[in-house]
There are 2 protein chains.
Amino acid sequence: MKQEPPSASGSRRVRMAPDQRRAHILNAAQALFFERGWEDVTISDVLDAAGISKGGFYHHFAAKEDLLDAIVQRFTAEALTAAQAARAATSGDALARFNAFLAASSRWKAERGARMKFFTDVMLRPGNDILFARITAAANAAVMPVLIDMIAQGVDEGTFDVPDTALVGETITAMSQGRRVTLSDALRLAEGGDVDRASDILYRRLVAEGEVIDRLLGLPRGSVALSNRREYGLMLRAIVNPEP
Amino acid sequence: MKQEPPSASGSRRVRMAPDQRRAHILNAAQALFFERGWEDVTISDVLDAAGISKGGFYHHFAAKEDLLDAIVQRFTAEALTAAQAARAATSGDALARFNAFLAASSRWKAERGARMKFFTDVMLRPGNDILFARITAAANAAVMPVLIDMIAQGVDEGTFDVPDTALVGETITAMSQGRRVTLSDALRLAEGGDVDRASDILYRRLVAEGEVIDRLLGLPRGSVALSNRREYGLMLRAIVNPEP
DNA sequence: TCTAAATACCGACCGTCGGTTTGTAATGGA
DNA sequence: TCCATTACAAACCGACGGTCGGTATTTAGA
């Protein structure tokens, strides 16, 4: 098949190193997906946003699904290294280390939420459920061994007492997952101006989660301090009135 | 636009009452979706299976998504009435009623799994995650009030002692959700012939879940008896060698 | 009982989407 | 300098979800 010669004033042909191009496309795609959801963003949209042709795109990605996989992988890798770093930075007995780990985790999530509006964009929009589910599922699965290992060490140490290490780890993660709904409500409240009430709702949820974890780990009430609402409070404010 | 006269030996024109037709289409669609997943089943497939034309289909359903909604709704309604019935059939103190409720629940799930291969078809196939997620999410959300109400009654009665009623309810549901993975493993084992080991794995999981719920409800270990492995054992066998 | 409105249904057609193919300009090593 | 490889462009394709004009059957009103 013959092909028209490229129109003289046609698009510029910009060459990039494969890694750079991939990252470039990925960034554009991620922003679009977070904003409008997986299904509502077409390959053409990504093409326009990234300033590349279809052929160029499919030279770097095999399918639309590959974009999702890559985004998920990026998040997973980040979450895992952050979790490992957080864990390595802990000291003291199992409970102290566990608390420090949880604090670092929520600090990470909160700052991430404030900086890139991950939570607002991904969580609030309906239709982004699939996206959110895949990302968190993968990230949680990656981080799970770290969590379970911490619990196991606590058991060995005699600080924790659990029915089943793996199940308790999964339960903690699964329960924390539900925080998304509370966070979503709080965000709506905060955007409506009622930041204090929003913080309060979040705080109560965190306290309750802490008490549940106490029980799961066989600890006296109040041992696990998940109640670092400061971080989430800061995040709420950062989202409500964003700063450069 | 002129249209060809319908070919003489063309498709028969069968008229049905709207409700019947809807249900008919829905059944065909559900079977296909459970078998091959949401994305891999086209409207045309449903058309062929249901023996209806495109125009006929879109006379009863506004979009493909409507099929999902309808299926989800059907399941939700079934689950809710079953849960309410199970709850109404209980007696005794809160713990006894709770145990009876759990037993009825798993009996319902197990028999359902055995009868219509819901679990095998929907859960094992990769790609059916979306389908499974939407169905269980809706069903759980519908049943949640029943669960929470039972817990609240136990608290009022003084039998239970929980940090936060709603959170505990959600946690129990979320944890039970994870059983899907264990069930999936067990199913694979059972289909490989090792039914005993499969039952055993399931049993251990159920015992652990029971102990977790004990703690969540502030009960002594062994209070909650989730360990009715008989039901699941029967289900496993029913799936492995199905009977007419 | 005749007729007209309502409605269940048909199937060709359409726009869009994800993905493929064919062709070309830039790059770098020999 | 040549040429193989790479990075990209753009025309193209089949399939999909959905629409639309039209037809057959039932139902309601007189």
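Fair warning: this is a prediction, and the values are worked out from it, not measured in the lab. Just so it is clear: chains get the letters A, B, ... in the order the sequence lines come, proteins before strands, and each one is counted from 1. The figures that follow rest on heavy atoms only: side chains count, while hydrogens, waters and symmetry mates do not.
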Could you work out which one of [options] sits closest to the side chain of [X]?
X     : options               : result
B:M16 : D:dA10, C:dA25, C:dC9 : C:dC9
B:S53 : C:dC10, D:dG17, D:dA9 : C:dC10
B:R15 : C:dC17, D:dT26, D:dC8 : D:dT26

May I ask you to check whether [X] and [Y] show a side-chain donor-acceptor distance below 3.5 Å?
X      : Y      : value
A:D45  : A:T42  : yes
A:S184 : A:R188 : yes
B:N140 : B:E170 : no

When the distance from [atom1] of [X] to [atom2] of [N] is rounded to whole Å, what number comes out?
X     : N      : atom1 : atom2 : result
B:D19 : C:dA8  : CG    : P     : 10 Å
B:E39 : D:dA15 : CD    : P     : 18 Å
A:F61 : D:dC8  : CZ    : P     : 11 Å
B:H59 : D:dT19 : NE2   : C1'   : 15 Å
A:Q20 : D:dT6  : CD    : P     : 18 Å
B:D48 : C:dG11 : CG    : P     : 12 Å
B:D40 : D:dC16 : CG    : P     : 10 Å
B:R21 : C:dT7  : CZ    : P     : 17 Å

Could you list the protein-to-nucleotides 19-21 of chain C atom pairs, N/O on both sides, closer than 3.5 Å?
unit_1: C:dG19; atom_1: OP2; unit_2: A:Y58; atom_2: OH; d: 3.0
unit_1: C:dG19; atom_1: OP2; unit_2: A:K64; atom_2: N; d: 2.8
unit_1: C:dG19; atom_1: N7; unit_2: A:K54; atom_2: NZ; d: 3.1
unit_1: C:dG19; atom_1: O6; unit_2: A:K54; atom_2: NZ; d: 2.6

Taking [X] for its side chain and [Y] for its backbone only, find out whether a donor-acceptor pair lies under 3.5 Å.
X      : Y      : value
B:K109 : B:A104 : no
B:N27  : B:A23  : yes
A:H60  : A:R21  : no

Divergence of helical axes at both termini of the helix from C:dT1-D:dA30 to C:dA30-D:dT1 - five pairs an end, 10° steps
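Terminal axis comparison yields 0°.
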
When you compare the side chain of [Y] with that of [X], does any pair of heavy atoms fall below 4.5 Å?
X      : Y      : answer
A:F57  : A:L67  : yes
A:I201 : A:D185 : no
A:F75  : A:R134 : no

